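When reading the values below, keep in mind they use all heavy atoms of this one structure, side chains included, and skip hydrogens, waters and symmetry mates. Fair warning: this is a prediction, and the values are worked out from it, not measured in the lab.
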Amino acid sequence: MLLSSLILLLSSQSVFAFASPPQAPRPPAMVAAAATGAGALAPAAELHGALVAYDGDAQLKARIESALRVLEDAFRVFGGDAVYASFNGGKDACVILHLLRAARHARALKAGASPTPRLVFFDASDDFDEVRRFVADTCDAVAAAGDVVVEPMALDVGFVAGLEDLVARSKPRPLAFVLGTRRGDPNCGDQKAFEPSSDWMPPFMRVNPILDWTYGDVWAFLRAFDLPYCALYDGGYTSLGSVPTTSRNPALLGDGGAYKPAHLLEDWSLERAGRVSKKKPSD
């Protein structure tokens, strides 16, 4: 669903291989967000402050700092209104969205202006109802906060067709699409943080701020900062696509027949064990 949700090609998250995940002190200013579903979000300034002040797991801290630098560079080079991010409701997309909000605030502090990135998603009729509701609620929340301008696509518009339309409307100005791609993802190849689109795609710059993040990093980030994510991840799903191609991850099936939440997956190589086809994943 990553690719089925455009997004800044943002449609692809150390916690679960360990007995206890790295925890960051919860900043008092942070607005507590629901663990599942779209709850109240911390203002971008407070989120950015919490990310900068984080002194927990050293690897996660380095990942956050690197991702923020990549996104600030995208704003600086392309301009805020030419930076597009995808949001399909997947775990990687959640990470990208909140890093983007924080990077927007950081760029505004340095440049004296507040760039407004675009948030794009493809609403697909064969996606889970829970995912579609989560995407809609989250988009409403971040748009109301002024963090992004949401540009929804018509129902069941194809990924490539949607990209072609956005690029055509932006000409001659180049666009940067933030993606939630991570190494090991299908079609990742040897991409860098900034990577031109493939020859068969319309021309744009891919921006990959979490390229080196692991599955564990993704969940450590979401949980350490109390960021909302789709409730399906608490029911045994570890990678979300369309309803026909997605099932619960058998590696999370407990002895009593109940499924454990996604962040408890111990073997991260089994992240997509619940995907039942080779269709492109959402995250």
Side-chain angles (χ1 to χ4, degrees), residues 1-13 67 70-71 73-97 99-100 103 115 117-127 131 135 139 148-213 239-242 245-246 272 275 277-283:
M1 161 180 168
L2 178 50
L3 286 176
S4 68
S5 296
L6 160 57
I7 2 217
L8 214 218
L9 253 110
L10 285 100
S11 196
S12 30
Q13 250 164 33
V70 169
L71 290 170
D73 281 345
F75 283 133
R76 179 177 58 85
V77 173
F78 293 92
D81 58 353
V83 173
Y84 281 69
S86 67
F87 187 71
N88 58 8
K91 59 189 182 297
D92 298 323
C94 290
V95 171
I96 290 297
L97 173 61
L99 287 171
L100 190 73
R118 272 47 182 166
L119 194 67
V120 187
F121 67 92
F122 286 145
D123 187 10
S125 57
D126 61 353
D127 284 342
V131 172
V135 168
C139 287
V148 299
V149 173
V150 176
E151 294 193 7
M153 292 288 177
L155 183 65
D156 292 328
V157 169
F159 175 66
V160 175
L163 278 173
E164 289 175 340
D165 178 63
L166 288 173
V167 170
R169 285 193 276 126
S170 73
K171 288 183 176 179
R173 190 175 184 184
L175 295 185
F177 284 93
V178 180
L179 303 171
T181 301
R182 290 185 281 118
R183 298 202 186 281
D185 284 352
N187 304 315
C188 175
D190 61 352
Q191 289 186 41
K192 308 297 188 296
F194 289 89
E195 187 78 22
S197 58
S198 302
D199 292 343
W200 59 274
M201 299 289 286
F204 59 87
M205 182 62 70
R206 289 180 283 202
V207 182
N208 299 313
I210 63 169
L211 196 59
D212 294 322
W213 288 42
S239 179
L240 298 176
S242 65
T245 66
T246 306
R272 291 180 175 79
R275 302 300 292 272
S277 85
K278 292 186 178 180
K279 288 184 67 176
K280 296 178 180 179
S282 66
D283 63 321

Seminar exercise, completed: CZ of F194 to CG of L211, rounded to nearest 0.5 Å, is 11.5 Å

Seminar exercise, completed: Looking only at heavy atoms, the pair that brings V70 and A193 closest together is CG2-CB, 4.0 Å

For this session: Quick one: list whatever passes side-chain contact (heavy atoms from CB on, under 4.5 Å) with D165, sequence neighbours left out.
Result: R169

For this session: Please tell me if the side chains of S239 and T246 come closer than 4.5 Å, counting only heavy atoms from C-beta onward.
Result: no

Seminar exercise, completed: Here the salt bridge (Lys or Arg N to Asp or Glu O under 4.0 Å) pairs for residues 189-203, sequence neighbours left out, are none

For this session: Looking only at non-hydrogen atoms, find the nearest pair between C139 and L119 and report the distance.
Result: SG-CD2, 3.8 Å

For this session: First locate atom CZ of R275, then atom OG of S242, and finally report the distance between them rounded to the nearest 0.5 Å.
Result: 7.0 Å

Problem set entry | For A82 against P174, the heavy-atom pair lying closest together | CB-O, 3.8 Å

Problem set entry | Value rounded to 0.5 Å, distance of CZ in F87 from CG in L100 | 11.5 Å

Exercise. Hey, mind stepping through R118 and D81 against salt bridge (charged side-chain N to carboxylate O under 4.0 Å, His left out) and telling me if it holds?
Worked result: CA-CA 6 Å; R118 272 47 182 166; D81 58 353; 5.2 Å; no

Seminar exercise, completed: When rounded to the nearest 0.5 Å, the distance separating CG of L71 from CD1 of I210 is 10.0 Å

Exercise. Quick one: CG on L99 to CH2 on W213, what's the gap to the nearest 0.5 Å?
Worked result: 5.0 Å

Problem set entry | Shortest non-hydrogen contact between G89 and C94, atoms and distance | O-SG, 4.2 Å

Exercise. Going by heavy atoms in the side chains, are R206 and P196 under 4.5 Å from each other?
Worked result: no

Problem set entry | Closest contact, heavy atoms only, G241 versus D127 | O-OD1, 4.1 Å

Seminar exercise, completed: Taking every heavy atom of L175 against every heavy atom of L166, the minimum-distance pair comes out as CD1-O, 3.7 Å

Problem set entry | With sequence neighbours excluded, residues passing side-chain contact (heavy atoms from CB on, under 4.5 Å) with V160 | E164, W200, M201

